[in-house]
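Proteins come first, then strands; the chains are lettered A, B, ... in the order of their sequence lines, and each starts at number 1. Treat the numbers as computed from the prediction; the structure is a model and nothing was measured.
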There are 2 protein chains.
Amino acid sequence: MIKPRSRRGGGRPTIADVARKAGVGAITVSRALREPERVSEDLRRQIQAAVDELGYLPDPNARALASARAEVFGVLVPSLTNSVFAEVLRGIYDSLSDSSFRIQLGNTHYSGLEEERLLQVFGPQRPAALIVAGIDQTPTSRRLLETAGCPVVQVMETGPDPVDMMVGFSHFDGGRAATEHMIEMGYHRVGFIGARMDPRSQRRLAGYRAAMEAAGLFDARLVTTTPVPSSVTLGRELFRDALAKAPTLDGVFCNNDDIALGVLFECHRASIAVPKTIGITGFNDLDMMEVAFPSVTSVRTPRYEIGRRSVAMALAAIAGKRPQEPVVDLGFELKRRESTAR
Amino acid sequence: MIKPRSRRGGGRPTIADVARKAGVGAITVSRALREPERVSEDLRRQIQAAVDELGYLPDPNARALASARAEVFGVLVPSLTNSVFAEVLRGIYDSLSDSSFRIQLGNTHYSGLEEERLLQVFGPQRPAALIVAGIDQTPTSRRLLETAGCPVVQVMETGPDPVDMMVGFSHFDGGRAATEHMIEMGYHRVGFIGARMDPRSQRRLAGYRAAMEAAGLFDARLVTTTPVPSSVTLGRELFRDALAKAPTLDGVFCNNDDIALGVLFECHRASIAVPKTIGITGFNDLDMMEVAFPSVTSVRTPRYEIGRRSVAMALAAIAGKRPQEPVVDLGFELKRRESTAR
DNA sequence: GAGGTGGATGGTAGCGCTACCATGACGCAG
DNA sequence: CTGCGTCATGGTAGCGCTACCATCCACCTC
């Protein structure tokens, strides 16, 4: 006889089917799956056998509705193609892959408004945690995060006044360290070249400025920025602009490695000697910077580790074990290479 | 008097609250939101007012449970940091951002087993559509896709026998076109350098081989591959290996642009003239290939467009308007540049 | 031996929404 | 004027799960 299946269910086994087969109550099956230690070993085995035989998989939607909590991490990044965020995402992903949490992705396109919209969309779903890039949320976004009712980790940067938790490093210090290094290596007309100029880039610029001013070398004409999205192509163009504006330029600290690579290629093309005539420093230290010719000095940032750490903190908070220190600074490392070895 | 709120609900307004405020039945609210044309304009306005006033947002979990369909696109890619897939993902994301569909991400790490596991996890959720990279699913994965009960789009490649729909291009043809170009430009000892060697890379290699054989130039010693994940660093190392193995090498067709860049940098470092002594062709045509010095010939692949198209096809299928032709070949374009201009 | 305690198990009542099936009003053909 | 489709609206009954509370059964304490 055919079991009368309801109109909607696709015929998948439900928790009631498992319970029937195992000869226990549905709630015991639910517990055996979620808190095995609260069920006697005997029943646990019986239930597991029934689960295996039926190929039962719990319906995450029903679970989310009943428990008012979805097993979902909402992740908001400003860009999917910027390899910096791709690596953060990879770190998040890898740390979550052997849990039952799913990842729901949001791309803010560097827009505060878009971030607000996405938080509005993510909220009603009651995610288990939210991981958002950056610390410069709009007041609305901040309120949405505060009232989300789940752990929130702001990543990529550290700063005062976290919504909940933070993992990152100081972009200001990174920019300053890179610039100080160049000054130390004998570059005195060091330019800053930056694209996109999101808040993190702004802080790298501030670090650059602080270092230059401390050395009495700051000159506004050395700074070349644009709100246009960053690319290697753009790096080349900005470098040309920078040279036109400040012909005595003897080095550049670039916003990021894409820009630095563009500068490097343009130097090759224009037969400008690196590091002799122009020194180059990048930011992030992508894989290729070490291989480039000449190899390019860059500020190594712990992107993958930021992803992993953010998940670890969120999971701890979910488990009720909030970390003592809600703000974690993972630092950075200046990689000195040929492009600044004058 | 305080309305008695249940233990679980976080106090968010529900559809019943909206219905009460608008003086209609809950089901009418539901309809007004999902199929506005089926509700009279009068009520529609009233309901909208109530929604706005209460700040009502439907609970996606309840919706998914009741309708046995989640507004989620499951997306499976083999890597998050490979910029090729990042761009596909961006295309998918951009095409979905003004719909109410959410994106749930899966990273298969180029593993068929992992892909199976992820499909198992995605299935019970009843996603609205699945987009998976590649056409070489395991039999188990294939069955999971066929029984998913939603549109499925295989992306990045075209081939016979789609599970449902496909968007991509021929990697074999791409590899062949690149190789033929090099032969035409006078390179006769053209090597193949490949890392990772996933199925798509294998087909590029097959295309290379076909072109070399057709010209009577194939020599197994010209082929250098490794299962190790691709990187610029690895490109340099593989190129060294290739040169050691075949000192008369006069050109290389690289598996992808990262490898090509590694080769280019190594040529600079070892003072090997490009394109005179060694010609270089890459694959994918990342932004930087045009800017590199010398600029690098590459096969431009429509990655972003693949993402967009896959979503368009899936949305059409959801709306019941399946495309006539389930397999879409978006082609590729060989970009001839300085690195092969002998 | 009465009463207490704690651990294992189960029943019931939702979670917030939508599928399904009325219901009632209206227009129109006969 | 009757009968019947058509359209807008609503009521009811779940979707598959879990929170909450009750129950039951050792096992103990005094």
Side-chain angles (χ1 to χ4, degrees), chain A residues 3-20 22-47 51 54-71 100 123-126 128 149, chain B residues 3-20 22-47 51 54-71 100 123-126 128 149:
Chain A
K3 202 189 313 170
R5 268 269 150 237
S6 90
R7 54 202 150 107
R8 310 192 219 173
R12 267 179 236 270
T14 71
I15 204 167
D17 297 327
V18 177
R20 210 171 305 124
V24 300
I27 190 67
T28 307
V29 175
S30 174
R31 265 198 290 262
L33 264 43
R34 292 177 303 132
E35 314 166 272
E37 71 285 359
R38 288 194 44 195
V39 173
S40 70
E41 200 180 319
D42 245 30
L43 284 192
R44 210 157 53 203
R45 262 204 311 272
Q46 253 170 273
I47 290 168
V51 165
L54 293 172
Y56 169 73
L57 288 168
D59 179 331
N61 299 124
R63 219 172 224 195
L65 180 58
S67 64
R69 190 53 69 204
E71 289 197 293
S100 58
Q125 203 175 166
R126 301 165 184 279
Chain B
K3 202 190 312 174
R5 268 267 151 237
S6 89
R7 55 202 149 107
R8 309 192 219 174
R12 268 179 237 270
T14 72
I15 203 168
D17 298 327
V18 176
R20 210 171 305 125
V24 299
I27 190 67
T28 307
V29 175
S30 174
R31 265 199 290 262
L33 289 153
R34 290 177 305 132
E35 314 165 272
E37 71 285 358
R38 289 193 43 197
V39 174
S40 70
E41 197 181 321
D42 244 32
L43 284 192
R44 211 157 52 203
R45 261 205 313 273
Q46 253 170 271
I47 290 169
V51 164
L54 293 172
Y56 169 73
L57 288 168
D59 179 332
N61 299 125
R63 218 172 225 195
L65 179 59
S67 64
R69 192 51 70 203
E71 289 197 292
S100 59
Q125 205 174 163
R126 300 165 185 282

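Not counting sequence neighbours, the partners of A:Leu57 by the side-chain contact (heavy atoms from CB on, under 4.5 Å) test are B:Gln120, B:Pro124. Looking at residues two or more places apart in sequence or on another chain, you find a side-chain contact (heavy atoms from CB on, under 4.5 Å) between B:Glu41 and B:Arg44, B:Arg45. Scored by the side-chain contact (heavy atoms from CB on, under 4.5 Å) test, B:Gln46 finds B:Leu43 as partners (sequence neighbours excluded). Every residue two or more places apart in sequence or in another chain that forms a side chain to side chain donor-acceptor pair (under 3.5 Å) with B:Ser100 is listed here: B:Glu71.
In this structure, A:Asp59 CG and A:Arg12 CZ are separated by 8.0 Å, a value rounded to the nearest 0.5 Å. In this structure, the separation between CD1 on A:Ile15 and CG on A:Leu54 is 12.0 Å, given to the nearest 0.5 Å. Within the model, atoms CG of A:Leu65 and CZ of B:Arg63 stand 13.0 Å from one another, a figure rounded to the nearest 0.5 Å.
Distance from the side chain of B:Arg34 is smallest for C:dT18 among the nucleotides C:dT18, D:dC17, C:dG16.
Not a single donor-acceptor pair under 3.5 Å links the side chain of B:Arg69 to the backbone N or O of B:Ala128.
In this structure, CG of B:Leu54 is placed 14 Å from P of C:dG16, rounded to the nearest angstrom. Put simply, CZ on B:Arg126 is 12 Å from P on D:dC15, counting in whole angstrom units. Look at CG on B:Leu65: it is 17 Å from P on C:dG14, rounded to the nearest Å. C:dC17 atom C1' lies 11 Å from atom CG of B:Leu33, rounded to whole Å. One interatomic measurement links the two molecules: CD of A:Glu35 to C1' of C:dT9, which rounds to 13 Å at whole-angstrom precision. Between B:Ile15 atom CD1 and C:dC15 atom C1' there is a gap of 14 Å when expressed in whole angstrom units.
In terms of heavy atoms, A:Leu33 sits closest to A:Tyr56 at CD2-CE2, 3.6 Å. When all heavy atoms are compared, the tightest approach of B:Ala19 to B:Gly25 is CB-C, 3.8 Å.
Scanning residues 55-64 of chain B for heavy-atom distances under 4.0 Å to DNA chain C yields B:Tyr56, B:Pro58, B:Asp59, B:Ala62, B:Arg63.
Residues in residues 22-36 of chain B take part in these side-chain hydrogen bond (donor to acceptor under 3.5 Å, both in side chains) pairs, two or more places apart or across chains: B:Ser30-B:Arg34.
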Could you list all N or O pairs between the protein and nucleotides 25-27 of chain D that sit under 3.5 Å apart?
none

Enumerate all atom pairs, one protein N or O and one N or O from nucleotides 6-10 of chain D, separated by less than 3.5 Å.
| residue | atom | partner | partner atom | Å |
| --- | --- | --- | --- | --- |
| D:dT9 | OP1 | B:Ser40 | OG | 2.8 |
| D:dT9 | OP2 | B:Ser40 | N | 2.8 |
| D:dT9 | OP2 | B:Ser40 | OG | 3.4 |
| D:dG10 | OP2 | B:Gly25 | N | 2.9 |
| D:dG10 | OP2 | B:Thr28 | OG1 | 2.4 |
| D:dG10 | N7 | B:Arg31 | NH2 | 3.0 |

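Taking five base pairs at each end of the helix from C:dG1-D:dC30 to C:dG30-D:dC1 and finding the rotation axis that steps the C1' atoms of four pairs onto the next four gives two axes whose angle is 40°, to the nearest 10°.
Using a 4.5 Å heavy-atom threshold, the side chains of B:Val24 and B:Val39 count as separate.
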